[in-house]
Visitor: 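Dropping the structure in here first, questions after.
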Number of protein chains: 4
Amino acid sequence: MRNIRTDLAVEAREIYAKESNGNPQGVEYKEYKIGDVNITDVTITNEIGERNMGKPKGTYITLDLPEFAHYDGEIRDEVSKAMAQALEGLIKLDESMTALVVGLGNWNVTPDALGPKVVSKLMVTRHLKQLVPDSIDEGVRPVCAIAPGVLGITGIETYEIIKGIVEKVKPNLIICIDALASRKMERVNKTIQIGNTGISPGSGVGNKRMEISERTLGIPTIAIGVPTVVEAATMANDTIDLVLDAMIKEATEGSKFYEMLKAIDKNEKSRMIREVLDPYVGNLMVTPKEVDMVIDSLAVIIANGINIALQPALDLDDINKFLN
Amino acid sequence: MRNIRTDLAVEAREIYAKESNGNPQGVEYKEYKIGDVNITDVTITNEIGERNMGKPKGTYITLDLPEFAHYDGEIRDEVSKAMAQALEGLIKLDESMTALVVGLGNWNVTPDALGPKVVSKLMVTRHLKQLVPDSIDEGVRPVCAIAPGVLGITGIETYEIIKGIVEKVKPNLIICIDALASRKMERVNKTIQIGNTGISPGSGVGNKRMEISERTLGIPTIAIGVPTVVEAATMANDTIDLVLDAMIKEATEGSKFYEMLKAIDKNEKSRMIREVLDPYVGNLMVTPKEVDMVIDSLAVIIANGINIALQPALDLDDINKFLN
Amino acid sequence: MRNIRTDLAVEAREIYAKESNGNPQGVEYKEYKIGDVNITDVTITNEIGERNMGKPKGTYITLDLPEFAHYDGEIRDEVSKAMAQALEGLIKLDESMTALVVGLGNWNVTPDALGPKVVSKLMVTRHLKQLVPDSIDEGVRPVCAIAPGVLGITGIETYEIIKGIVEKVKPNLIICIDALASRKMERVNKTIQIGNTGISPGSGVGNKRMEISERTLGIPTIAIGVPTVVEAATMANDTIDLVLDAMIKEATEGSKFYEMLKAIDKNEKSRMIREVLDPYVGNLMVTPKEVDMVIDSLAVIIANGINIALQPALDLDDINKFLN
Amino acid sequence: MRNIRTDLAVEAREIYAKESNGNPQGVEYKEYKIGDVNITDVTITNEIGERNMGKPKGTYITLDLPEFAHYDGEIRDEVSKAMAQALEGLIKLDESMTALVVGLGNWNVTPDALGPKVVSKLMVTRHLKQLVPDSIDEGVRPVCAIAPGVLGITGIETYEIIKGIVEKVKPNLIICIDALASRKMERVNKTIQIGNTGISPGSGVGNKRMEISERTLGIPTIAIGVPTVVEAATMANDTIDLVLDAMIKEATEGSKFYEMLKAIDKNEKSRMIREVLDPYVGNLMVTPKEVDMVIDSLAVIIANGINIALQPALDLDDINKFLN
């Protein structure tokens with residue numbers, strides 16, 4: 001597999017297209033609108049696509065949030081509805097089947113708190129269906145949720161926690177929400193990716209055993225991700241590339257200098273990144289200043305999108321009243 | 001069992017003593033000091049004690065926090081050390097055995113967030129022992145932790161979540177932390193109770209099946225509780241009792257009025273409580289204004305107490321450096 | 001003046017009516033609706049009204065929030081618009097005149113943070129009108145704002161801070177927002193009071209010199225208040241009254257006991273309140289558990305109400321875009 | 001004046017030294033220790049020094065925080081004491097003179113909230129000296145404080161607010177606290193600068209009229225600053241410089257390419273920075289992930305340092321008890 005380090009399928013495709021001057025084989029691509037929301041579907045159809053994209057086979061739906069989405073309740077509701085429609089395309093569930101929503105990430109780090117915040121705004125009903133079934137409409141689906149925390153705080157792989165809970169709760173569908181890192185500031189807090197190939201929480205990068213997916217859990221697993229930061233190391237790396245690209249364009253092809261620029265290697269780049277970021281390398285993030293407000297807005301959008309998709313018998317008003 | 005509704009063994013004993021003019025049978029009681037911290041041990045030794053106290057057999061150790069504990073780092077460290085000593089009396093563990101710490105309660109409600117906050121300040125080591133064993137001293141015990149959330153947010157009984165995780169992690173000891181309700185304002189945020197009989201999270205009141213204890217989990221289970229609120233309904237109830245007591249003292253014994261006062265029944269009291277608290281009955285709490293700061297201070301005290309007790313090979317300085 | 005201790009004119013009127021079996025003289029009263037929002041106007045017309053109500057002459061407009069207002073963006077917008085309409089009835093300002101909004105209260109105590117939170121959601125324009133006038137429509141009014149903090153944190157009377165700023169900024173209108181205490185749980189977070197008689201911040205109770213009002217500042221001063229807590233001492237007091245009322249109803253009029261109940265005096269009541277609340281008397285508040293979320297919702301409603309009233313040339317969409 | 005854009009005198013000196021291969025004229029420099037804390041005094045003695053450093057004449061004392069300062073209460077207290085000692089060198093005040101502490105910055109943006117957080121942890125006494133003088137020792141100095149907010153939220157220049165309050169309160173000393181931007185990650189949250197030349201809040205950059213200083217206010221004004229972020233634009237700029245420096249070192253001096261590299265101009269650099277950071281340029285910050293915890297720790301250190309310096313008659317224990 002290529003080493004394209006991005007959580008977003010649309011970015012992986014862009015990077016491929018830029019580096020290879022062409023679209024990746026084994027990948028289908030479609031753009032359309034639901035209401036005012038621009039949607040992009042990227043489907044990786046075979047192993048060639050997997051190698052080209054550095055991502056497993058499956059469908060990745062990307063919603064671009066309209067401007068002002070975080071400042072206007074009506075636009076927010078519209079995005080939730082578009083998101084619900086996209087989700088419904090991936091979910092095949094009978095009315096009575098149980099869904100488990102998993103809010104990944106760390107409560108204590110604002111841009112990583114998206115998952116836990118979504119959990120706290122969900123319409124959770126499983127316990128009511130069990131304990132006081134008469135209090136609740138028959139058409140309401142049992143939904144439960146967990147925010148398991150991160151490896152550094154729990155000392156337990158997130159996969160182990162989910163697996164343990166899945167064995168007790170026996171859900172028919174899992175939906176994971178996670179904050180992602182983007183390569184581009186312009187996507188930060190502006191993009192929602194919905195995929196049916198599961199997720200590898202931060203700690204488990206490259207660790208297939210700990211992936212949270214249908215493959216490992218035996219239950220359909222949807223992953224919803226939003227890029228909420230650019231890692232400072234990524235930003236430094238991209239800045240360096242930008243400077244080198246500009247230099248290379250100026251240098252005479254074939255000249256000694258041109259070759260030298262081409263030859264600047266990974267080690268040299270890492271050294272420069274370390275020099276800029278020391279002593280915090282790996283622990284730094286780049287965020288917009290209004291991050292608290294924006295994460296709250298994203299949590300409302302996503303929680304409502306899930307609520308609408310999981311409760312087709314209810315409308316947003318019913319859901320809001322229930323949450324009261 | 002008597003219907004003494006308090007989470008604290010020392011309060012149950014006081015209520016018994018007041019109502020019955022004597023100490024409960026089947027209960028041992030001991031007061032002493034560790035450093036400047038006043039400690040009370042209440043041990044329920046048999047079934048008569050269980051009935052008298054409305055609590056299961058076992059040991060309940062209560063620490064009274066010295067004045068200014070929440071405003072003075074040195075006093076805080078002293079309480080942590082006393083707490084560690086009390087804990088060590090209840091824990092019998094080999095060095096290499098794994099401990100799971102469970103922070104009960106709701107992140108989003110400040111006085112209920114004590115458990116999750118303790119989790120975020122713990123020295124968590126299990127993943128390091130597994131993934132990078134060379135990075136960590138041999139004498140360090142594997143510790144992991146989870147903040148499972150509350151039934152209203154997860155839709156899953158806390159017991160089910162813990163049980164699922166226990167089956168994966170296979171710890172040798174469980175320590176639960178929970179925010180309790182007290183009957184008396186003077187105990188709020190001033191008392192730490194440590195018991196070896198487990199805990200019934202809010203939702204599971206009276207529901208033995210969902211208890212988190214050695215009986216249900218098969219693993220020694222310590223419960224650490226701090227009263228952080230008085231329920232407004234309790235406060236209203238106690239106020240009514242206080243007024244009635246004052247009236248009764250004034251009324252001539254045997255008079256019609258005396259009998260009437262004696263006869264005021266539960267229904268009448270509930271009606272009055274509802275009238276005062278409507279429309280929020282059951283959803284109101286009484287807290288001191290500086291509640292955010294005090295919960296943070298309690299979380300530090302308890303996390304450090306647990307850290308010291310679980311890592312006998314380290315001192316508080318080592319632990320603080322590790323947490324960096 | 002009567003000693004009616006409530007910040008709300010509608011409550012003062014109710015208490016008068018209950019105690020005196022009639023409506024207070026010197027007070028006009030009107031109920032009506034703006035959209036779905038119930039409004040009550042209480043106008044104190046003369047000094048007899050002032051004495052009867054324990055409040056200065058002037059108009060007090062009260063909005064009752066519809067159910068679900070805190071859970072439904074559309075209802076929230078409707079309340080903002082009703083509030084703007086009520087405000088516009090009290091404000092007489094030319095387009096170009098400057099408004100100063102003052103958010104009273106303490107950032108660090110959630111139910112007291114309403115004022116500062118409103119300030120952070122306002123459309124603030126004065127500096128743009130001064131520094132980059134071309135960037136902003138001519139029809140936009142200059143608005144500035146301050147959250148001065150509370151006496152216990154600043155050591156300066158709020159009046160002094162406001163007076164100092166007023167002398168520099170020379171506004172033509174002042175709008176103060178403050179969190180109030182109610183006597184009744186049913187009004188908590190459900191009622192917005194708008195008055196044209198100014199405000200005495202907590203610390204200044206009974207201290208006319210430190211009142212923030214047209215009388216002391218020489219500029220029209222609107223006060224917007226929302227009851228966000230019931231003081232625990234008030235709750236205990238009202239509970240005691242409730243019990244006594246029930247007793248009195250049962251006792252034979254003229255009997256010795258009846259007289260005794262009637263004779264229970266203030267000192268006895270204070271003693272009982274202290275006994276229930278010790279050691280926190282005066283520092284305890286009763287709040288619903290979801291207080292953080294509700295205060296945020298109230299801040300949005302009030303900030304938007306003010307934004308709409310102060311910027312008649314703009315609609316809510318323009319305002320939201322500006323705030324971006 | 002040179003265009004050295006850094007808030008820190010030690011950084012300005014380093015940049016001068018690097019660019020000019022020598023120490024700046026008109027600047028004195030001294031390194032020493034108070035306890036375990038490394039201190040650097042930079043004194044700008046004349047106008048040549050002002051031009052060389054891009055800063056006004058005066059003394060700038062810099063404390064380097066020892067490792068683990070944010071994780072160890074004892075180290076924290078030691079830094080507070082060293083800071084108090086440094087402050088006392090700059091402050092000449094009689095016991096009875098009033099101090100006004102100003103916490104600059106924005107409550108709603110964590111790394112900018114340092115000033116307001118310090119204010120909320122100060123020992124504020126002015127109102128007690130005025131209202132209940134008998135409750136407080138004679139040796140206690142009157143201290144008051146304000147967190148005025150930022151221009152974007154208030155619409156009022158911070159200078160105007162302070163000036164207005166100063167005219168009412170008539171303090172004999174002003175201490176301002178502000179979060180700064182550093183050029184180097186290694187200084188972020190690790191350095192405290194104390195200077196006697198006042199401060200220009202963010203908005204007022206280059207605007208001498210709005211400076212908060214003895215020159216504009218007529219009262220001695222101390223500024224305490226801590227770098228809590230690196231602006232993302234600075235980071236991108238420094239990364240570009242680093243790459244260019246590396247290129248230049250490789251290029252043959254005098255060659256066409258060498259000249260080209262030397263000639264890369266400001267506009268080109270700005271274009272690249274915009275490309276990396278779009279659409280957030282100017283609104284992005286780079287912070288360590290644990291920023292919430294670290295800002296709290298810094299606020300405690302600085303508040304206690306000020307408390308000790310302003311209340312020479314009290315020790316840290318007395319101060320902590322007072323704050324209870």
Side-chain angles (χ1 to χ4, degrees), chain A residues 67 106 108-112 152 183-190 229-232 234-247 250-252 255-258 260-261 263-264 268-269 271-293, chain D residues 67 106 108-112 152 183-190 229-232 234-247 250-252 255-258 260-261 263-264 268-269 271-293:
Chain A
E67 226 191 321
N106 184 348
N108 298 313
V109 176
T110 306
D112 199 29
R183 291 198 80 88
K184 289 205 172 173
M185 283 315 307
E186 71 188 66
R187 288 223 172 76
V188 163
N189 302 327
K190 297 279 189 195
V229 290
V230 170
E231 299 282 339
T234 301
M235 199 190 98
N237 182 71
D238 290 358
T239 309
I240 292 170
D241 285 347
L242 205 66
V243 183
L244 294 182
D245 284 356
M247 299 290 99
E250 304 281 336
T252 317
S255 75
K256 196 180 136 225
F257 204 82
Y258 181 87
M260 191 196 85
L261 289 169
I264 284 190
E268 179 65 3
K269 279 214 266 181
R271 190 196 54 75
M272 289 196 273
I273 292 167
R274 269 200 314 279
E275 190 165 325
V276 182
L277 302 185
D278 192 66
Y280 289 106
V281 164
N283 188 26
L284 282 175
M285 54 194 187
V286 187
T287 53
K289 283 177 186 159
E290 74 276 22
V291 60
D292 291 83
M293 185 278 282
Chain D
E67 226 190 321
N106 184 348
N108 297 312
V109 175
T110 307
D112 199 30
R183 292 199 79 89
K184 289 206 171 174
M185 285 312 309
E186 70 189 68
R187 287 221 173 78
V188 163
N189 302 326
K190 298 278 188 196
V229 290
V230 170
E231 299 282 339
T234 302
M235 199 191 98
N237 181 72
D238 288 357
T239 310
I240 292 170
D241 285 347
L242 206 65
V243 183
L244 294 181
D245 284 356
M247 300 290 98
E250 304 281 335
T252 318
S255 74
K256 194 180 136 225
F257 204 82
Y258 181 88
M260 190 197 86
L261 289 168
I264 284 189
E268 179 64 4
K269 280 214 265 180
R271 190 197 55 75
M272 290 197 272
I273 291 167
R274 270 200 314 277
E275 189 165 325
V276 182
L277 302 184
D278 191 66
Y280 289 106
V281 165
N283 189 25
L284 282 174
M285 56 194 185
V286 188
T287 52
K289 284 178 186 158
E290 74 275 22
V291 60
D292 291 82
M293 186 276 284

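All of these numbers come straight from a predicted model, not from anything done at the bench. So that the names make sense, note that chain A is the first sequence line, chain B the second, and so on, each numbered from 1.
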Visitor: May I ask you to name which of A:Asn108, A:Val188, A:Asn106, A:Val229 has the most heavy-atom pairs under 4.5 Å with chain D?
Guide: A:Val188
Visitor: Looking at A:Leu244, A:Val291, A:Leu242, which makes the most heavy-atom pairs under 4.5 Å with chain D?
Guide: A:Leu242
Visitor: Counting heavy-atom pairs closer than 4.5 Å to chain A, which one of D:Glu186, D:Met235, D:Lys184 comes out on top?
Guide: D:Met235
Visitor: Of the options D:Ile273, D:Asp238, D:Thr239, which is the one that meets A:Thr239 in a side chain to side chain contact (heavy atoms under 4.5 Å, CB included)?
Guide: D:Thr239
Visitor: Does any backbone or side-chain atom of D:Asp292 lie under 4.5 Å from a heavy atom of chain A? Answer side chain, backbone, both or neither.
Guide: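 D:Asp292 touches chain A through side-chain heavy atoms alone.
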Visitor: Between A:Met272, A:Lys269, A:Met293, A:Lys289, which residue shows the highest count of heavy-atom pairs closer than 4.5 Å to chain D?
Guide: A:Lys289
Visitor: Compare every heavy atom of D:Pro288 with every heavy atom of A:Leu284, then report the nearest pair and how far apart it is.
Guide: CD2-N, 3.5 Å
